[in-house]
Amino acid sequence: MQRTEHHGCHDPHRPETFHVYDVTLRDGSQQEGMQLSINDKLRIASYLDDFGVGFIEGGWPGSNPKDSEFFRRATSGELPLRNAELVAFGMTRRVGVKAADDPLIAALRDCGAGVATLVAKSHVGHVREALRTTLEENLEMLRDSVTHLRSEGMRVFIDAEHFFDGYRLDRAYALEVVRTAAEAGAEAVVLCDTNGGMLPSWMGEIVSAAVGVGAPVGIHCHNDSGCAVANTLAAVEAGAMHVQGCVNGYGERTGNADIVSVVANLELKYGWQVLPEGNLAEATRTAQAIAEITNVPAGPRRAYIGTSAFAHKAGLHASAIKVDPNLYQHVDPARVGNDMRMLVSDMAGRANIQIKGEQLGFDLSDRSTAAAVTERVKERELQGYTYDAADASFELLLRQELGLLPEVFTVSHWTTTSYENAGSDPVSEAVVKLVAQGRTQYFVGEGNGPVNSLDMALRRCLIPVYPTMAGYELQDYRVRILDGSSGTEASVRVLIDTTNGERTWTTVGVGTNVIEASWEALCDAYRYGLIHLLENRVESGEERRLEDAGRTADTTNTDGTRSSVDSAV
Ligand SMILES: [Zn+2]
């Protein structure tokens, strides 16, 4: 990728061209539990291209029908690329066959991609024992394969497998592989720490030696020593001009270098620009979208882009953050498209609660109000509630303390029973009676379990009064048995995620049994959704007013804070 802008780069090794090369679709997909369809791969490649990586390694055409089909579809119009080149992965020709006659080389040549990356042996032990050939034939295989694909008009990279171990065993031969590849026309010789055991302080000498041969050098690290990103950066500092890695650090065993961490460090710490201008701010969204497609959850503690990456919990930190966020953050989260998040927890002091309240649009500048809310949170957490994830329940608690909680509905009673008829599946029935907007609603719901039947009954009561609510959907439901030693009476905590198709909110319920806890989380979920629905109507000037929903209501002031309004006005 040609880079013309230099953002404060002081590194004499900084090359004019720098490659960001993604291997998520090949190496990353080796991760345990990951199964990518061709459609998945096309969608992931499209996100990677939007993000602005220079190369996307798509797979190994010719090695299996799925990868061949991926390349056929990708190169026949289904994967329009704006930033990236599609790369086909393969290996150097087989022993004793001309590259031009090797069917796997032909598959690379004919797959439609303009770039090929060939894995080559650089470790004498692997040449002798895995390839069962001579050191000279291995070099010839490399030379012949690169020359052939270059003569066919392809750009070629070489992945020098087990390079670091090979270098230690036979330095001269490992460097001979680098020299041979470069002389044959490889655009970069990528030094692979295939077993991932390297340490950053070991990288410099070996990478420098390879650079000293006169070859453009790349780096491909695995994370077995927990150092993949650090090793990648150490290689870059020693002169590598091409970095390989996977989104979310995917990959077999402990994964590959996390390409987003690598790129974020290069841009934010080194001051280089290796993605198109402004694209780094898409990092969080891109990694999250790819995690949705792979269906392999990406940890909240990923550097830069995890949901916890800028989440502050300790009260002492929070007080300082109020003064200056930069005191406790290594970079501005917005640079990578992430957000600072305040966690509401029993470790929290008043400052956390104030910031969290302000983020939700409530004015908590009054110290005694903030202190009262903090007390209430601590009290509830002692009972087993948690508000770290349950933002919506926190907002309801806050509204209650501030007297800003409209009564969108009041439950009179609820009950649920389950029964089983011989020969059929168990069925649950629930009865809910409530008052909403002055109307008494009384409905029975049936479901495949008690919580499901309660949800059905509750919805049947509410939808006639609030028809828009029909679009609400429970998205996720998590039950946690609480530790008996905590001394609380409650034993179960339930978290429910609810969506209206545009956004998702989380509520929490706690009780002595799972049904009681679920009912609380369920009611909070609809209460929160309805309050926001009604507020939006008021803000958008619709006639329906909050007075229908309760005695007090609130509205958003122009300064973003909320205040109580007399509903009769
Ligand atoms: Zn690898």
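For the numbers below, each heavy atom of this structure counts, side chains included, while hydrogens, waters and symmetry mates do not. Start at 1 and go down the list; that is how both ligands and their atoms are numbered.
With 3.5 Å as the limit, one finds no donor-acceptor pair spanning the side chains of Tyr304 and Asp258.
Taking the six-membered ring where the residue is Trp, His242 and Tyr21 present tilted rings, their angle falling between 30° and 60°.
In this structure, the ring of Tyr167 has its center no less than 6.0 angstrom from the ring center of Tyr173.
Listed by chain and number, the protein atoms of type N/O/S under 2.8 Å from the Zn ion (ligand 1) are Asp27 OD2, His220 NE2, His222 NE2; waters are omitted.
For Arg493, there are no salt bridge (Lys or Arg N to Asp or Glu O under 4.0 Å) partners, not counting sequence neighbours. Legend: residues meeting side-chain contact (heavy atoms from CB on, under 4.5 Å) with Asn195, ordered by chain and number and at least two apart, are Asp165, Asp193. Remark: Arg478 pairs with Asp476, Leu495, Asp497, Thr506 by the side-chain contact (heavy atoms from CB on, under 4.5 Å) rule, at least two apart or across chains.
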